[in-house]
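A short worksheet on the structure shown next.
Letters A, B, ... are given to chains in the order of the sequence lines, protein chains preceding strands, and every chain is numbered from 1.
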Amino acid sequence: MRSLDQGLQDLLSAVNNILSVREKNRPDRGKIRRRLQAEVGAIRRAVPLTPDTIKKLAGGRPLVGVDGSVTAYGALFPHIIHLFRALASTTAQSVEEGLYLVDLFYPELEDHRQEIEEAVARAAAAGENLAPEAVLSQIVRARLAALEVRAAREALEKYRPFAVFFDGGFLRYGTLAPAQWQEYRELALEMGVVSIGVIEEIGTFDLARKILAGPGASPPFTCDRDLLFGVLEPGEWLAVRGELELKKTYYTCFARPGAYPGAVAYDFFREQAHRAADFIPLLFGLTPRGGRGIPWWLDQVDRAVRISRPEMELLLATCLDRGLRERFFVPRRERRSL
Amino acid sequence: MQIVGHTTQQEVYAASRQRPFRINEILLLEDERHNYPLGEVVETQSFNRYIPLATERSELVDRQVMENLAQLGYDIGVETIHLARIRILAELTSPVSVGIPLRVPEFKEIRDLFLPQDPHRGLVLGVIRGTEELTASLPPDLARVALLYRKGEGILPQAGVPFIMDHWTLPEYPHIGIFGGSGSGKSFALRVLLEELMKQQLPVLVLDPHFELSFTEPFPELPPAYREDFSRRSTVLLAGRDVGVQFEELDAPDLINLLRAAGEVTENMHNAILTLHQRKDSYASFRNRIRDLTRGLEEEQELKRTLKASDDPREKQEAARLLALVERYKDRVGHVSTLLAISRRLNRLENERIFTGNIEPIREAIMNRRLVVVQGPVWFLQVLGAYVIRKFYRERRQYQDAGQTGEEAQKFPPFLVATDEAHNFAPRSPEIPAPARSILRTIAQEGRKYGVFLILATQRPALLDDTITAQLNTKLIFRTVRSSDLEVIREETDLGPEEVRRLPYLTSGNAFVSSATHGRTIAVRIRAAKTVSPHSRHPFAELAEDFVPEEERLRELLLQYLPLGDFNFDVHLSALQQELKRRVTIDEITRVLEDLVEEGVVEKKEMVLGVEYRKAGNG
């Protein structure tokens, strides 16, 4: 039997060293809390939710959760099919009976080929050399975001909800599908629908930079997720002061809804920032205490929107000729015998 | 409701969000291609994927979250999906179409499936489970024929399509088995079945080792319109008092069969009986012949001496008679021990009162198309039953065969034999002596030809003779727990694995009917009986009602007779006995008085003449 690779062991141990040193040097929890309160905003405890407050918030209207999924089939460019599905579901019915939108992207379709070529040309004009594969992944991200936003927009009119929860932050929609997002935003604001992006994995660095900067400088890559780990008590949230403008057009605050010590973040439209204090108890009340910090409804939407493997296989078996599938989409390494 | 998933020509799955499926219910599949087949639900499930079994992969749903969601109009109940496995009740040649809807049929759409027989020409045993929803669409002549009963709730209205057993098919599919553990409703079902046979005026011989099958006491709370008087259609006879074997009627083979019940009959004994038994022998004449012959053999030399030397002519005459017997039978009966063994067996039968009375009352009832119940201890019934059944079967056969050959023979009707604890009458193990086994086997195998049928109830099908079990074409199967019995049921019936799995959990009165006539298993709830066993009272209730009052009456009387004591017990004893109409002892009186003393009602004083009991507080 081969022994455990010594070279890799050494490299990994170095990683462990760095992390353990960082953990040792991490400022204590009380200090981080004090700094946060001073620099960022008050740490508040959300008031427990009562049936009355829910009724008042909802005003008899339902809640909508929005999520999307993308599944790729194939291995080598250009023979990769992406299947998109977005779902906006209301709590007035079963999660699977929500509003579904679907899309497909395949580089060999005429429109889609042009789309790729145009993007490559645009990049070239800007002096950038982009491979079609790289363009494809951008297009896929953008299409998914656009589809989700469209679903959300249609749900506004179809279900007339009091709030829409998105699985993920607002920056993605604003960057990848700006036009659709703008349209959604205007309609939601007009209808008074409070929109909230629930971020499970916080990817920003702003708080860490603020708090840990200064004398005794911080390690360069500490992100907000690491900073906030274990800092908030269950049921607490960090009411970021409005003027901080962590994200330009959005208002973001941080929270620990349940037992898991990591924090989540909630994005609001800036115009609706003042509703945060009302909606955070609702968000907490809809999040299982033992869970990952995601409202239960969003979890269900996430589950329902995903194209499961059996579903995918059935789709392929139904619509693609077996010979074509083998010829174009099954990579040779899948045929390797072990 | 919709057909989902893979389908076959025999089995499909159906799903519904609104309506839970019921086990055994019949549904109509709107499959035009297959001419709208019917299906029976054989397995049901409901699940809600949000309320799963807690596993490491799916955390239990947080109740608080659900309550808050409920405020937003979300009902987790809508996520419940009801599933059913459905067995198709028709022979299709291709799988059922997927995605087609199903619905609850109207009664007229399934009538043929359930009612092969007119209710007045069949045995109404109960209702078919799973047809509750069809009750409303039943025609009036079927709507009130089978009231139900549930312990604690009393008589309930009929819910479902009546289950009507077609006894006209018995010649084709003979014999009925009723299997089920104690308390499963098996004896109850036997009663209901016998009631129905009486309504059809079929002659039935019932062997009742439990002394419970009489049909004169109406079931309590039964609505008057539903009551029925069976007193003129049934006769109850007590073995050893009302009926027995008339010795004079026996021929030697009969006698040998009877003796087998009392112990092994060896080849030598067999020969001895054939030699010694004479037609029209009475018990006394046969027994005396054996006794005399035994004495003759034992005392042969002495008797010869007496014959030669004795002065007493009576003695000589007696010796001559015995020696003549010895002379006549000596070479053919073997050893004295053989005769002694025969005597012992004979004695046992006589002691059990087998030879008291005759079987004429049974014959009379059968000839008059009545149901005749013979009650007695199991052993007695085995002996008597074997004899009677063999005799009747022979007569029936002779009559029918004579009809075919054109000879004259005594008329004898077709009849049924029913018994509980059938495994005692025909045990599977050949080591257990069972006088009735061979005749029951014969009837099981060829009785249909002569119109003689068996109804055998047992709680231990595994212990019942397997040749017989295999011939029971209709089986009512109640709750069964023992694995050996379940094994027999699995082998001998068409119950599917899911039905066998349900058997240990059936509640009292529910059964599966596996019948060659139906070609499938039907789940049935047995109807309320119209009559009740005379001793169905709980033994503790009996204590409270019959035994405590006896003592209380004695207490009341004693209080009237105070003061009492050793000096006057005997004076009052006979008066007490007369009042209570039973024997009362001084011991009993003393015990009751001591109880009263303990309770402070009576005072006890030691007097010159012995103890005296007085009313307390009288100084």
Side-chain angles (χ1 to χ4, degrees), chain A residues 46 48-65 89-98 159-165 194 234-235 257-260 279 281-301 303-304 308 310 314, chain B residues 1-8 11-21 44-85 94-102:
Chain A
L49 197 64
T50 69
D52 268 357
T53 43
I54 299 183
K55 274 197 189 124
K56 220 183 281 169
L57 278 179
R61 289 183 291 166
L63 169 74
V64 162
S89 275
T90 100
T91 48
Q93 58 197 40
S94 174
V95 69
E96 271 142 10
E97 286 160 38
Y159 303 128
R160 312 214 148 252
F162 75 100
V164 177
F165 290 180
V194 175
Y260 181 70
F279 272 79
L282 176 69
L283 284 157
F284 283 9
L286 294 178
T287 305
R289 288 194 59 81
R292 303 172 295 137
I294 296 298
W296 186 84
W297 190 245
L298 270 184
D299 251 355
Q300 303 321 311
V301 177
R303 216 169 286 180
S308 66
L314 252 153
Chain B
M1 288 188 283
Q2 199 184 18
I3 299 294
V4 296
H6 295 259
T7 68
T8 69
E11 225 173 54
V12 295
Y13 285 89
S16 158
R17 270 196 192 273
Q18 290 84 34
R19 181 182 175 282
F21 291 95
T44 62
Q45 262 185 22
S46 291
F47 75 93
N48 187 318
R49 66 206 148 115
Y50 298 129
I51 316 176
L53 288 170
T55 65
E56 50 188 312
R57 289 198 56 198
S58 60
E59 70 235 27
L60 266 177
V61 84
D62 188 324
R63 257 195 57 196
Q64 190 58 49
V65 169
M66 283 306 133
E67 278 165 24
N68 291 335
L69 273 167
Q71 294 291 326
L72 293 174
Y74 179 66
D75 172 13
I76 197 164
V78 304
E79 303 292 357
T80 299
I81 292 175
H82 309 289
L83 278 181
R85 193 143 71 85
S94 59
V96 172
S97 315
V98 183
I100 55 147
L102 318 88

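- By the salt bridge (charged side-chain N to carboxylate O under 4.0 Å, His left out) test, A:R61 pairs with no residue at all, sequence neighbours left out.
- Here the CG-CD distance, from A:L49 to B:E67, works out to 11.0 Å after rounding to the nearest 0.5 Å.
- The contact between A:E97 and chain B is made entirely by side chain atoms (from C-beta outward), counting heavy-atom distances below 4.5 Å.
- Interface residue A:T287: only backbone heavy atoms are found under 4.5 Å from chain B.
- Contact of A:F162 with chain B is made through the side chain alone, with heavy-atom distances under 4.5 Å.
- Chain B forms the most heavy-atom pairs under 4.5 Å with one residue out of A:P51, A:P295, A:A58, and that residue is A:P51.
- Listed by chain and residue number, nothing satisfies the side chain to side chain donor-acceptor pair (under 3.5 Å) test with B:Q45 (two or more places apart in sequence, or in another chain).
- Here CD of B:Q71 is found 8.5 Å from OG1 of A:T53. Values are rounded to the nearest 0.5 Å.
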